[in-house]
Amino acid sequence: DSADFDREVESICPFCGVGCQISLKIKDDKVKYVEGINGPANEGRLCVKGRFGFDYIHHDHRLTKPLIRREDAPAKGLNVDPANWQEFFREATWDEALDFAAKGLMDIGGTGVAGFGSAKCTNEEAYLFQKMIRQGFGHNNVDHCTRLCHASSVAALMENVGSGAVTATFNEIENADVAIAIGCNPIENHPVAATYFKQFTKRGGKLIVMDPRGQALKRFSSHMLQFRPGTDVSMLNAIMHVIVEEELYDKQYIEAYTENWEAEKAHLKDFTPEKMAEVCGIDAETLRDVARTFAGANAAMIFWGMGVSQHIHGTDNSRCLISLALMTGQLGRSGAGLHPLRGQNNVQGASDAGLIPMFLPDYQSVMNDGVRSAFTDVWKSGDFSSEKGLTVTEIMDAVHDGDIKGMYVLGENPAMSDPDVEHARDALAKLEHLVVQDIFITETANYADVILPASAFAEKSGTVTNTNRQVQMGRPAVPPPGEAREDWWIEVELAKRLGLGWNYQSPADVFAEMKLNMKSLDNITWERLERENAVTYPSLSPEDPGQAIVFADGFPRPDGRARFTPASIIAPDDVPDAQYPMILTTGRQLEHWHTGSMTRRSKVLDGLEPEANCSLHPSTLRKLGVTAGEHVRLSTKRGSIEIMAREDRAVSPDMVFLPFAYVEAAANILTNPAVDPYGKIPEFKFSAVKVEAV
Ligand code: SF4
């Protein structure tokens, strides 16, 4: 009923990488409700987060003024709750807070300062953030949560197909007849994408689900491979072994578009399904059937998520998936392709915009002199380091080593999201100067010297890029509370105080500058996005809505050829033993988003899922003498938490599933910081754990 609102504004859902387009219904400068509109990724659909998860915007915990830590404040890291913040911080004017923030960073200077940007901010804000660290401090120690998400997938994709983005939109599943969904749980984590998966199966499409948890997609699957955690490479190599053995591969495609096939073929020889069945726990006949089903498809897609990427062998897992698509010629055609489902609403865009320590915007290497000078020409500044910068977890280690003393954290919450989080929290406490820019006093802000109050998605303009490579326009619908400001404005004001001479008047100015060195944005202008809401990159002309499928005629690699990179079995880092006999895996739940700072302040979402919980198999609960709803203690080599246990047949008897959104039972107290050597992504999906009744 239009009487319920006095304005409506079109924007983008702030949660997952699906990037649903929404209409915010506004009355008296408050969001009253949200509806889905006809975006290219959602066609009017929304999940429960997009539909009901907006009221955190108006929560009374919102930061409304800049805060500076009091000189007589208690120790850093103590919980600053909304009732007692005055004990820790005092209000400041913007000028005072910005001067203080900039001076603290400049006094440390150079490689002593690092930056964590955000996959929740806009493309323009991500671009400005990486520019500030590179231009202002002369190095590349700038990263964001892609490191904890798909960094290993991107490493494998860059290496083997020459581009880190998806090769086909998820909507292309409409044109497929077979699809693999591995290490992802789209019904909970990409719910609107999952609706397309369900439609695909209704039309007769075969969905092969591979996951150590028997997740909800199982009901729609033709094959459910509930393999042992951490054994992806053995299972995928066995499937590829069958394709080679039975000569089901696409010879013409391999000859025309790939390299290193003979090495891959030779490597796969040893991975017989019979041998690998003992490793991965899937019987040989099922592995053979899956190989024949996938290789026999007219058009097939592969989707994957954090279950693939968050391992010390995450890059190898993705290498296998890429090889599987290449050997069957399932790329560059309608209904065929590789699609790592992106987590955050703008993790694709923030990565594209250069918020990564090894790449400038558009994945151009910081080590390339020509690339750096193309950027410094535009920035009108001197050269910066040609060395790759430190990643999220390396930055925390460098703080412990005394090499990094100052940090600027924009919209990230490493005090909750980093593996072995006590190590990260200790690092934050050691910093001489921590600038936190956020909308709430997060767990990370508990350590801040200065807090800059920022804006929520519905309070600012800027573009974001979803999992489908669709660049979409976000619009301001309501004013930020009190003196909170748009993130790009805060970045510009801080940069001015760092002496960088920035003079952007709007996000549109920033976008115009981004286009100068980002070919991916060719034919995509701010005006066009204002008009059309979304354009997929690459877009081949000002009229082209963008290419849903890429690499029809070869790859952005030497000779246009994609590469097979063989992968061997590497055991998880922290294997179960007598003291820690079970396997812990962490992840998300439908109702909550990441570290919970937004969704746990949303009435409906918190109402639906109000309590920290973990999932255990009924037989495990029985053995422990625990009834569902009672508490258990989970302990790893890093620490212990107590948490309510749920009965869940989807997890195997030797496994615990633990969501990471709950501060009162923070999953990352338990997780292992060991990283994949290529993507530098931690092994969130596998830790040895002990479970006890309390
Ligand atoms: Fe938002 Fe993702 Fe849900 Fe769409 S599927 S409404 S983008 S959380």
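Order of appearance sets the numbers: ligands from 1, and atoms from 1 within every ligand. Everything numeric here is computed off the predicted structure, so don't read it as measured data.
Using a 4.0 Å cut-off to heavy atoms of G19, the atoms of ligand 1 that qualify are 7 (S). Within ligand 1, counting atoms from 1 as listed, the ones closer than 4.0 Å to a heavy atom of F15 are 8 (S). If you number the atoms of ligand 1 from 1 as listed, the ones under 4.0 Å from a heavy atom of V192 come out as 4 (Fe), 5 (S). The K49 neighbourhood of ligand 1 comprises atoms 8 (S), with distances under 4.0 Å to a heavy atom of that residue. Atoms of ligand 1 lying under 4.0 Å from any heavy atom of G50, numbered from 1 in the order shown and given with element: 6 (S).
Ring planes of F660 and H594: tilted class, angle from 30 to 60°. In this pair, Y33 and F5 present their aromatic rings perpendicular. The plane angle is above 60°, beyond the 30 to 60° band.
Residue C47 touches ligand 1 through backbone and side chain together, judged by heavy-atom distances below 4.0 Å.
With a 6.0 Å radius and a threshold of 12 heavy atoms from other residues, nucleotides or ligands, K515 has its NZ atom above the threshold.
Here the heavy atom of the protein found nearest to atom 2 (Fe) of ligand 1 is C16 SG, 2.3 Å. Annotation: atom 1 (Fe) of ligand 1 to nearest protein heavy atom, C13 SG, 2.3 Å.
Because its NZ or CZ atom is not both nearer than 6.0 Å to the ring centre of F116 and within 45° of the ring axis, R147 does not count as a cation-pi partner of that residue.
For the pair H311 (side chain) and N317 (backbone), a donor-acceptor distance under 3.5 Å is absent. In this structure, the side chain of R342 does not engage the main chain of H150 through any donor-acceptor pair within 3.5 Å.
Using a 4.0 Å cutoff on heavy atoms, N42 does not count as a contact of ligand 1.
In summary, C20 places an N/O/S atom under 2.8 Å from atom 4 (Fe) of ligand 1, meeting the contact criterion.
Between R600 and D606 there is a salt bridge, with a side-chain nitrogen of the basic residue lying less than 4.0 Å from a carboxylate oxygen of the acidic one.
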